[in-house]
Amino acid sequence: MRRTRLPRLVVAWFTLTALVACGAPWPDPHTEVTDATAIELHRLVNEARASARSCGAHGWFDAAQPLALDRRLTRAAQLHSEDMRDTGTMSHTGSDGSSPAQRIDRQGYVWGSAGENVAWGDPTPEAVMAGWLGSDGHCANLMHEGFRDLGAGEAGAFWTLVFARPR
């Protein structure tokens, strides 16, 4: 008897159908981040958002709701941090010419608003957060009430936070 292989798409469809039929949980994008640095940055961001603060030229911000740590945004942030490290360039533009919005799209996050903080040279999550809070624009991103989700990445001394609100 000759065996034939099913195309991968058919196998994937059967697997997905079986998971749904059995009531298997759909992966929650907010619970799958296991990277310790991303988790620590998430904690520090939410700690900062818990208190009202001045962001200099951007004005006064009331305390904001905590952000959820999203695995797709964390992947976008991590890949951008690695790209900056690999090229030795701190920028909001990727080495392939990508924008933060394009990098978020690539990870499958459908966003309505988004922002990004990048940094270079800070040795710890606490140090990079202190720098961002001391910078008017970065502080405003951290405190922006419109964002709901966060991604965080670090590679060497290159750091990225990605903020977004789903559409």
Side-chain angles (χ1 to χ4, degrees), residues 28-167:
D28 181 352
H30 300 118
T31 60
E32 296 184 5
V33 176
T34 58
D35 179 77
T37 301
I39 292 167
E40 178 62 6
L41 284 167
H42 176 238
R43 185 188 71 74
L44 292 168
V45 167
N46 283 337
E47 183 179 278
R49 289 173 64 86
S51 300
R53 71 182 63 247
S54 171
C55 291
H58 290 274
W60 183 261
F61 287 80
D62 291 331
Q65 292 295 314
L67 300 175
L69 187 59
D70 185 277
R71 67 174 167 77
R72 298 161 298 182
L73 298 179
T74 294
R75 178 105 172 112
Q78 183 61 38
L79 289 173
H80 187 57
S81 291
E82 291 170 8
D83 183 50
M84 291 189 298
R85 177 202 59 207
D86 293 348
T87 61
T89 305
M90 185 187 79
S91 176
H92 291 288
T93 302
S95 63
D96 62 356
S98 63
S99 68
Q102 290 168 320
R103 293 189 295 273
I104 293 168
D105 288 343
R106 287 177 188 163
Q107 299 309 315
Y109 187 101
V110 181
W111 56 276
S113 62
E116 180 181 77
N117 284 4
V118 295
W120 172 78
D122 294 296
T124 64
E126 293 79 13
V128 75
M129 278 299 297
W132 281 327
L133 288 171
S135 164
D136 297 354
H138 293 108
C139 176
N141 268 350
L142 285 162
M143 297 302 294
H144 193 288
E145 179 59 35
F147 295 139
R148 294 290 177 258
D149 296 320
L150 174 73
E154 176 265 336
F158 291 88
W159 305 84
T160 307
L161 291 180
V162 177
F163 306 91
R165 178 186 192 105
R167 190 171 335 157

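Note that these values count all heavy atoms, side chains included, but never hydrogens, waters or copies made by symmetry.
- With sequence neighbours left out, Thr160 forms a side-chain hydrogen bond (donor to acceptor under 3.5 Å, both in side chains) with Ser81.
- Among residue pairs with one or both ends in residues 128-167, those qualifying as disulfide bond (SG atoms under 2.5 Å apart) are Cys55-Cys139; sequence neighbours excluded.
- In terms of the side-chain contact (heavy atoms from CB on, under 4.5 Å) criterion, residue partners of Ser91 (sequence neighbours excluded) are, by chain and number, Thr89, Thr93.
- For Glu145, the side-chain hydrogen bond (donor to acceptor under 3.5 Å, both in side chains) test picks out no residue, with sequence neighbours left out.
- Under the side-chain hydrogen bond (donor to acceptor under 3.5 Å, both in side chains) criterion, Gln65 pairs with no residue at all, not counting sequence neighbours.
- The side chain to side chain donor-acceptor pair (under 3.5 Å) pairs that include a residue from residues 129-141 are Asn117-Asn141, Ser135-His138, where partners are two or more places apart or lie in different chains.
- Screening residues 80-103 for salt bridge (charged side-chain N to carboxylate O under 4.0 Å, His left out), with sequence neighbours left out, gives Asp96-Arg106, Arg103-Glu116.
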I would like to know whether Leu67 and Asp149 meet side-chain contact (heavy atoms from CB on, under 4.5 Å); could you show each step before the answer? CA-CA 5 Å; Leu67 300 175; Asp149 296 320; over 6 Å; no
For residues 118-126, which side-chain N or O atoms pair as donor and acceptor with protein atoms under 3.5 Å away, sequence neighbours left out?
residue, atom, partner, partner atom, Å
Thr124, OG1, Ala127, N, 3.0

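- Here disulfide bond (SG atoms under 2.5 Å apart) pairs that include residues 105-134, with residues two or more places apart or in two chains, number zero.
- For the disulfide bond (SG atoms under 2.5 Å apart) condition, no pair includes a residue of residues 73-125, sequence neighbours left out.
- Residues forming a ring-ring contact (aromatic ring centres under 6.0 Å, His included) with Phe147 (at least two apart in sequence, or on another chain): His144, Phe163.
- With sequence neighbours excluded, the residues that form a side-chain contact (heavy atoms from CB on, under 4.5 Å) with Ala101 are Ser99, Trp111.
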